[in-house]
Amino acid sequence: PSIDLNKISNDTIKRLLSSMKNPTIVNSEELKIIGLNATRVEVSGETRETFSSKLTTLLTIIEGKNEYILISLGANKDDFGNFREEFKKFPDSISGLEGQTNSLE
């Protein structure tokens, strides 16, 4: 079967959403990170534990030439705003990947 960034992203996002109670996609975007095609989604919800916590997760998936890199960073929902920009910059530090240069459509 053919695998591409959209399929990997959709399947991963579905798994993330199903792992939470009352999940909400706050933001979703396609972008370039270190010159590679990527998707990024911010999801808020609650853990499925007895004493649940409200969390926000920033999920970034980067498409390399022969691999996909998944970065999941999260924090307590009330504190997430303090980390959002730092979490968004984290993937820029990845190196050593041979990547495709075509843009997302």
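The model shown is predicted, which means the values in this text are computed figures rather than measured ones.
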Open item on the list: Enumerate the salt bridge (charged side-chain N to carboxylate O under 4.0 Å, His left out) contacts for residues 82-94, please, sequence neighbours excluded, ordered by first and then second residue.
Closed with: E42-R84

Task: Expected output: side-chain T47 to main-chain S53 donor-acceptor under 3.5 Å - done: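 A pair under 3.5 Å: yes.
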
TODO: Using modelled atom types only, decide if a donor and an acceptor are shared between the side chain of D79 and the backbone of A75 within a distance under 3.5 Å.
DONE: no

TODO: Verify whether one side chain among K54 and N76 offers a donor that lies under 3.5 Å from an acceptor in the other.
DONE: no

Does [X] reach the side chain of [Y], with side-chain heavy atoms less than 4.5 Å apart?
X   : Y   : value
T24 : V43 : no
T56 : K77 : yes
T12 : I61 : yes
I3  : Y68 : yes
I62 : P91 : yes
V41 : N27 : no

Open item on the list: To check you understand the geometry: which heavy-atom pair defines the closest contact between K7 and D4, and what is its length?
Closed with: N-OD1, 2.8 Å

Open item on the list: Going by side-chain contact (heavy atoms from CB on, under 4.5 Å), L59 matches just one of I71, L16, L73. Which one?
Closed with: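 Checked I71, L16, L73 against L59; only one passes side-chain contact (heavy atoms from CB on, under 4.5 Å): L16.
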
